[in-house]
Structure formats: structure tokens, C-alpha cells
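As the structure is a computational prediction, the values presented were derived from the model and not from experiment. Just so we're on the same page: letters track the sequence lines, and every chain starts at 1.
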Amino acid sequence: MFVDVLNEEQRAAATHPGGPLLVLAGAGTGKTTTLAARVAWLIEQGAAPERVLLLTFTRRAAREMLGRARTFLGRSSRGRHAGRVVGGTFHSVAHRFVRRHAAALGLPGGFGVLDAGDAADLMDLVRQEAGLGQTGKRFPRKSTLLDIYSRTVNAQRPLRELLAEAFPWCERHGEELGRLFVEYGARKRSLGVLDLDDLLLHWRALARDPAIGGDMGRSIEHLLIDEYQDVNGLQVDLVRALRSERRDVTAVGDDLQAIYGFRAALARHILEFPEHFPGTAIVTLERNYRSTQPVLDVANAVAEQAEVSYPRRLRAEASGEAGGLAPSSEGAHAPASPPELVLCLDEAAQAGEVCDRVLDARERGALLREQAVLMRASHDSDLLELELARRDIPYVKYGGLRYLEAAHVKDFLALLRLADNAADRLSWFRWLQLLEGVGPAIARRVLEALEPDAGGLADVLARWPSAREALPSEAREAADAVVGALAAVAGEPGAVAGERAAGVGGDGPGALAAGVRAERLRDALAPIVAAHYPDGPVRLQDLDALVAAAGQASDLGRFVADLVLDPPATSQDLAGDGSLDEDWLVLSTVHSAKGLEWRAVHVLALYDGNFPSDLSAGDREAIDEERRLLYVALTRAQRELHLYVPVRYYHRPRGSDDGHGYGKPSRFLTDDVQALCRRTDTTGIGVDPEGEIAAARGAARIEVSVDALFT
DNA sequence: ATACGACGGTTTTTT
DNA sequence: ACCGTCGTAT
């Protein structure tokens with residue numbers, strides 16, 4: 001029986017008979033295994049798989065857990081059924097429900113979902129049209145505007161309070177922001193689009209509706225939520241609404257790993273769970289099967305510094321007979337070595353040191369993909385990426401600038417959206433401006449003539465011949481090609497003869513396959529993209545990857561929506577498993593590394609100002625969150641941990657002028673922590689344990705500057 | 001009136 | 001390396 005491989009606490013959690021259950025699972029304690037086992041156990045006890053709902057933080061996590069649940073259940077018919085469990089992120093599951101009940105919510109059936117970039121663009125558009133923020137005073141930029149809006153919605157708190165607390169430098173614009181946000185909401189409604197926050201808001205509204213919500217709640221026999229320490233107020237509301245009648249709910253999490261405060265998550269929520277669900281059984285998992293004790297010692301020492309915490313120490317189990325230890329190719333009796341603290345002169349030197357150690361670990365038997373370089377901010381790896389390329393070390397990077405955020409990819413997505421929904425004004429507005437000599441003003445005029453949301457696709461296309469007159473004559477032909485392609489691939493039957501992928505895919509009878517449609521659009525857009533961007537050819541390759549991915553999808557509309565809800569972390573992800581047998585190093589932000597583990601972990605740029613970030617200085621809760629972030633990074637390591645501290649950094653990244661200063665090691669690397677590490681000083685200038693730099697004291701005293709001559 | 005090039009300032013992290 | 005603003009050329 002599969003529960004036999006679990007330890008006592010894990011088994012208690014997995015086989016909890018019913019009613020609310022809270023699993024406090026420290027890092028590496030087999031949380032994934034336990035949750036997967038619980039799903040398997042529920043099914044084995046007779047729960048209908050499609051009535052089990054598993055909410056996870058990423059879709060990858062859902063896949064992994066359901067895969068393991070299936071393994072647990074074996075080849076029985078129940079095992080096959082595990083695939084029918086409903087699983088995904090809050091947002092992707094919300095999308096499913098909202099689509100199903102779109103009519104009741106007054107939404108068009110094929111409503112579009114805006115990703116963060118689209119939403120910021122719309123916010124900006126609304127701001128311009130409302131004439132807000134034109135006062136010449138510094139006004140928040142569009143992405144900041146969306147951050148503020150989103151955080152207010154997710155925290156479910158008044159804008160005023162939130163500004164004072166999290167965006168004090170924007171407080172003076174409070175009134176304008178309020179008006180802007182109301183207008184933004186109205187505009188989304190009139191466009192028939194939802195942003196990511198709306199998905200949750202609409203799901204909550206459904207869940208609270210006596211009729212629809214009642215059915216919904218009753219149809220979910222068991223609700224399981226992973227990473228509960230990172231849910232926000234809106235998500236807590238949702239969970240409570242879904243459980244107003246039934247009491248079967250399992251939450252799993254670790255308040256020591258709460259790192260999404262910037263998204264309005266509060267670790268407090270996990271501690272309040274027992275109050276929200278009276279009679280909650282609590283199970284605590286403390287046995288760590290992932291890391292060696294020296295690694296855990298350092299992590300524990302970091303966690304202990306927290307101002308407010310319920311102290312818990314992770315203990316390493318001798319070897320992993322139970323739970324989530326990935327098989328290691330190295331002998332279990334290899335001595336556990338203490339983490340290494342590597343002092344580097346600057347970030348360039350750091351890049352070299354990281355490469356040296358990565359290759360060294362590889363010599364000792366750790367594949368590149370069993371190693372990861374983790375960082376606070378995605379640009380921390382800029383220099384490292386150059387060095388990796390120079391040394392021919394392949395890598396993939398997670399987090400940071402997403403593939404989907406590249407301008408040309410968004411241009412293409414706009415076209416893909418139009419293929420399904422010609423009424424999407426935003427998408428028209430976007431691609432029209434790619435044309436030579438076309439800016440916002442002309443694009444707007446074309447839209448006026450086109451009236452995209454009046455009538456069906458055929459009506460809109462019928463207006464094109466007159467609408468195109470607003471374009472400068474040089475641009476008309478290129479635009480015709482795009483509109484022609486749109487007409488040819490449009491979802492409606494009768495658009496084009498021949499080339500039908502008869503019976504293939506879910507686009508309905510007479511429709512072209514998603515891949516063919518995507519390809520047509522790509523071909524029409526290619527000359528425009530090539531002309532509009534200086535590095536055209538490279539960008540076109542990205543579009544090819546997208547076309548290939550669309551080819552795997554059954555329905556173009558769903559393909560685009562899924563892309564927004566579950567963006568590929570890297571272009572390699574999108575391409576699929578083309579390079580499956582290749583070995584590569586993983587680069588990732590700490591946030592994106594959540595829930596993962598590697599044999600060797602390298603943590604970059606541990607100097608004060610970067611990790612913890614300067615932006616969090618002064619706010620105790622923010623500093624605590626940065627500390628938990630480091631804790632998450634440290635606990636990703638199985639056997640090897642390297643911490644890098646560049647002591648000199650350049651103030652102006654402009655160039656080689658000597659505008660540098662000396663930074664201190666991260667305040668989290670206290671004496672206690674450092675005492676648990678092996679120090680390697682590669683700077684050659686001497687750094688003492690407090691981070692005082694001999695050279696800095698001398699250098700700071702003597703200053704040479706002729707700046708005074710020029711002012 | 002509009003588009004585009006030059007210039008200066010820049011709050012990480014993600015569904 | 002990006003975004004927003006301003007000046008200029010069309």
C-alpha cells in the first residue's frame with residue numbers, strides 16, 4: 001500500500017479522514033509526496049476524481065503532484081482516473097469556471113484575458129484619455145499603476161491605506177489614482193476583457209452566488225490548496241466561499257517560506273486557517289529528507305534572525321527511505337561538507353568563480369541540470385550569462401523577462417487573438433502601430449472606421465476597404481496582407497476554400513487547424529516585424545517557436561488564453577522537448593525556484609542593498625520577507641551550497657570609469673551564519689568577517705576629483 | 001498634427 | 001538595458 005512509504009506524520013496527513021486539515025510542512029519534508037498521497041488516498045477511498053480540486057501555485061506543481069498520485073495508485077482503473085482530478089493555479093481554475101458561467105456574469109463567451117503587460121498598456125491608455133497625471137509632477141509609470149491597482153484588489157483593502165503602507169511615494173496622487181482605477185474597471189467591462197485579478201474576483205462572485213456557488217461548492221468534494229502561506233485575502237475569501245457547506249479542505253504550507261507579500265499575500269492567513277475552519281486538525285512535518293545537516297544549519301541560523309517567528313529547526317534524516325528525496329547518484333556516505341562563502345572582488349569576478357565551481361561540481365559527478373544558480377533579481381545574472389556563453393556552458397533561465405513580454409511576441413499574439421475575436425480593439429490598436437508611419441492617432445482613426453465591436457467578423461472585414469484609407473499610402477499594402485490573412489484563417493466557416501484540416505482539432509467543422517492558422521498569420525506579419533525591429537530575423541525565429549507550439553494545440557483561442565495563464569518560463573519550454581538529452585545549468589530567481597531542489601545550489605550577489613534589496617530597507621516586515629526569501633534559496637540545496645558576495649560594485653553601470661563603492665555582505669550573513677560556512681576570499685584585498693574591507697578604509701580617505709572645476 | 005530620434009531618470013520578485 | 005518626455009522633421 002503506497003502510504004507505507006510515508007513516515008508517521010506524512011501518513012497521518014495523507015489519510016486524515018475528513019474535515020479541515022492543515023499541514024505545516026517545512027522545506028524538504030516531503031510536502032509534495034504527502035499531498036499527492038492524500039489525493040491518491042481520497043480517490044482510493046472512493047472520491048470521484050473530477051470532484052477533487054487541487055489548487056497549486058504553478059501548473060507545473062499540479063502536474064507533478066497528479067503524476068505522483070497516479071503512480072501511487074498504480075495501474076488500477078483508479079490510477080487512470082487520477083488524471084481527471086481538477087488541478088491548476090487559482091487563476092487557471094478560475095478561468096474555467098468563469099468561462100462556464102460567462103453569461104451569468106454578463107461577459108462575452110470568448111472574453112479575452114489580459115496578461116500583466118496588456119493590462120498595463122490598457123491602464124496607460126485610459127490614463128491618457130482621461131487626461132490624468134498630466135500635471136508635470138512625477139506620476140507612477142504604467143507598470144507601477146497596475147501594481148498598485150492589483151495589490152489593492154488582492155488585499156481587498158482601501159486604496160488609501162495601501163498607498164500609505166506600500167507605495168508612500170505615490171500617496172500624493174491618491175485621488176487621481178482612485179479615479180483612474182474606476183475608469184480602468186469600466187473600460188475592461190466595455191471591452192469585454194478580464195485581467196488576472198478579475199478572474200479571481202469573478203470566481204469569488206460565482207462562489208458567493210446562492211444558486212451557482214451552492215452547486216459549485218457541493219460539486220467539489222475535496223478542496224486541497226498548496227503553498228497556503230502565499231495566498232492573499234481574495235483567495236482566502238474564495239476558499240471560504242467554496243467551503244461554506246462542505247468542510248473537507250486541506251491546506252499545506254510553511255509560514256517560514258512566505259515570499260509573496262508584494263502580491264498581497266499574508267503569512268498570517270495560514271495561521272488563521274484553524275479559526276476560519278473550526279475543528280481543523282493540524283499535522284506538522286519536520287523531518288527533512290532533502291538536505292545535509294550543514295546546509296540546514298545555515299538555513300536554520302538565517303531563519304532564527306526573524307523578528308517574529310515560531311521557531312522550528314529543520315533536522316536532516318539519515319537517508320531518504322520516505323518522502324521526497326530525489327535519487328542521488330552519489331554514495332549516501334560521502335561526508336557532508338559545510339556551505340561555502342565565496343568573497344569576490346566584484347560581479348565580474350563572481351561570474352568567474354561561479355563557473356569554476358559549477359564545472360568543478362560537474363567533474364565530481366553532478367550534471368549541470370542538478371545544479372542551479374539562484375538570485376534575488378533577474379538581472380543579477382547578466383554578467384554571469386556572458387561568462388557562461390564565453391565558456392560554452394549551456395543554461396536555461398527561469399523568471400525574469402518572460403518570453404511573452406517581448407514586444408514582437410505580443411504583436412503576434414494580438415493577431416492570434418483577432419483570429420478568434422475580431423472585436424478585440426486592443427489587439428487591432430497594437431498591431432496597426434507596427435506599420436510604417438502609424439502611431440496612436442492614425443491607429444485610432446482606423447479603429448473608428450472599422451468599428452471592431454459592431455457586427456460580426458464579416459461586417460468588420462467589410463469595412464476594411466474604407467478604414468484602410470486612414471493609413472499612409474506606404475503602409476496600406478502591408479496592412480492588406482495582414483487583414484487578408486485574418487480573413488483567411490478566421491474562425492468562421494466559409495472564409496477560405498481548400499487547406500482544410502478536415503476533422504482535426506477542436507475548431508469545429510470547416511475550420512483550419514490551429515497550427516496552420518498561426519502559420520498564415522505569421523507569414524503575413526513577418527515582413528512588418530522584420531522592418532519594424534532592427535534585429536528582425538532573430539525575432540522571427542521566436543515567432544516560429546510560437547507557431548510550432550500552436551500546432552500542438554487543438555484550439556487557437558484556448559492556446560492563447562493558456563499562454564497568458566501559464567506562460568512558458570523560457571523559450572525552450574515553449575519549443576517543447578527538442579533538447580531533452582542536452583545538459584544545462586539552471587538559472588532562476590529565488591521566487592521561481594520555489595518548490596524545486598538541486599544537488600548543488602549557488603546563490604548570487606549576497607550584498608546589502610541587493611539581497612536584501614534596498615527597496616525593502618526600513619520596513620521590518622519587508623526585511624523579514626527578504627530573509628525568508630534567502631531561507632527559501634538555501635533550502636533548495638541537497639548537498640552543496642555556495643554563497644557569493646561581491647564586495648565591490650559599480651554605481652553607474654555605464655562603463656569603466658571607476659565609479660565603484662564597497663558593499664557589505666548581506667546583513668543576513670551574520671557572524672553566526674558565517675561561522676557555519678567555510679570562507680574563501682578570492683578578492684586579494686582582505687575582507688574581515690564583519691565585511692570591513694581593508695582597502696576600502698584606505699581608499700575612502702584619499703579622494704581624487706576634479707569635478708569641482710566643472711560645476 | 002504626427003512620428004520618431006535624442007536624452008535623462010530608473011523601486012526587485014509573479015499568477 | 002528600458003520607458004517616458006521633449007524637440008524637430010515631415
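- Residue A/F57 is in sugar-phosphate contact alone, with no base atom involved, counting any heavy-atom pair closer than 4.0 Å across all strands shown.
- Among B/dT14, B/dT15, C/dG4, the nucleotide with an atom closest to any side-chain atom of A/Y260 is B/dT14.
- Distances were taken from every side-chain heavy atom of A/R141 (C-beta onward) to each of B/dT14, C/dC3, B/dT12; the shortest belongs to C/dC3.
- The residues A/D118 and A/R430 are annotated as not salt-bridged, no charged nitrogen and carboxylate oxygen being separated by less than 4.0 angstrom.
- Closest to the side chain of A/R127, out of C/dT5, B/dT15, B/dT2, is C/dT5.
- The aromatic ring of A/F262 sits over the base of B/dT13, with ring centres less than 5.5 Å apart and planes tilted by under 30°.
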### Message
Let me check I have this right: for DNA chain B, each base becomes ., (, ), [, ] or |, based on Watson-Crick or G-U pairs with both distances under 3.5 Å. What is the full string?
### Response
|||||||||......
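- Protein atom CG of A/L604 is 18 Å distant from nucleotide atom P of B/dT12, rounded to whole Å.
- Contacts of A/R476 classified as salt bridge (Lys or Arg N to Asp or Glu O under 4.0 Å), with partners at least two apart in sequence or in another chain: A/E469.
- Distance A/E474 CD to B/dA3 P: 12 Å, rounded to the nearest Å.
- Remark: aromatic rings of A/H591 and A/F262 are close, center separation under 6.0 Å.
- Comparing atom distances between the A/R445 side chain and each of B/dA1, B/dT13, C/dT5 picks out B/dA1 as nearest.
- When the side-chain hydrogen bond (donor to acceptor under 3.5 Å, both in side chains) test is applied to A/R268, the partners found at least two apart in sequence or on another chain are A/E272.
- Atom CG of A/L434 is separated from atom C1' of B/dA3 by 14 Å (rounded to the nearest Å).
- Checked against B/dA3, B/dT13, B/dT14, the side chain of A/I442 finds its nearest nucleotide in B/dA3.
- The distance from atom NZ of A/K397 to atom C1' of C/dA1 is 12 Å, rounded to the nearest whole Å.
- Residue A/T589 has its side chain nearest to B/dT13 when only C/dG4, B/dA3, B/dT13 are considered.
- Contact annotation for A/S613: base contact, defined as any heavy-atom pair under 4.0 Å involving a base atom.
- Rounded to an integer number of Å, the gap from A/H379 NE2 to B/dT12 C1' is 7 Å.
- Across all strands shown, A/V438 has heavy atoms under 4.0 Å from sugar-phosphate atoms exclusively, and none from any base.
- Here A/S427 pairs with A/D424 under the side-chain hydrogen bond (donor to acceptor under 3.5 Å, both in side chains) rule; sequence neighbours left out.
- A/I148 places its CD1 atom 17 Å from the C1' atom of B/dT14, with the value rounded to the nearest Å.
- At the phosphate of B/dT13, OP1 or OP2 sits under 4.0 Å from a side-chain N or O atom of A/S378.
- Distances from the side chain of A/H591 to the nucleotides B/dT2, C/dG4, B/dT14 place B/dT14 closest.
- A straight line from CG of A/L374 to C1' of B/dT12 spans 16 Å, rounded to a whole angstrom.
- In this structure A/Y149 satisfies the ring pair (Phe, Tyr, Trp, His ring centres under 6.0 Å) test together with A/F181, A/Y184, sequence neighbours excluded.
- Nearer the 5' end of DNA chain B, as judged by each residue's closest nucleotide, is the contact made by A/L435, out of A/L435 and A/C170.
- Checking B/dA3, B/dT13, B/dT15 against every side-chain atom of A/A441, the shortest atom distance belongs to B/dA3.
- Here A/S143 does not reach the OP1 or OP2 of C/dC3: none of its side-chain N or O atoms lies under 4.0 Å away.
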#### Entry: From CA spacing to verdict: side-chain hydrogen bond (donor to acceptor under 3.5 Å, both in side chains), A/Q229, A/R628
CA-CA 12 Å; A/Q229 77 282 356; A/R628 292 192 294 266; over 6 Å; no
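- The interatomic distance linking A/R444 (CZ) with B/dT2 (P) rounds to 9 Å, in whole Å.
- Residues forming a salt bridge (Lys or Arg N to Asp or Glu O under 4.0 Å) with A/E171 (at least two apart in sequence, or on another chain): none.
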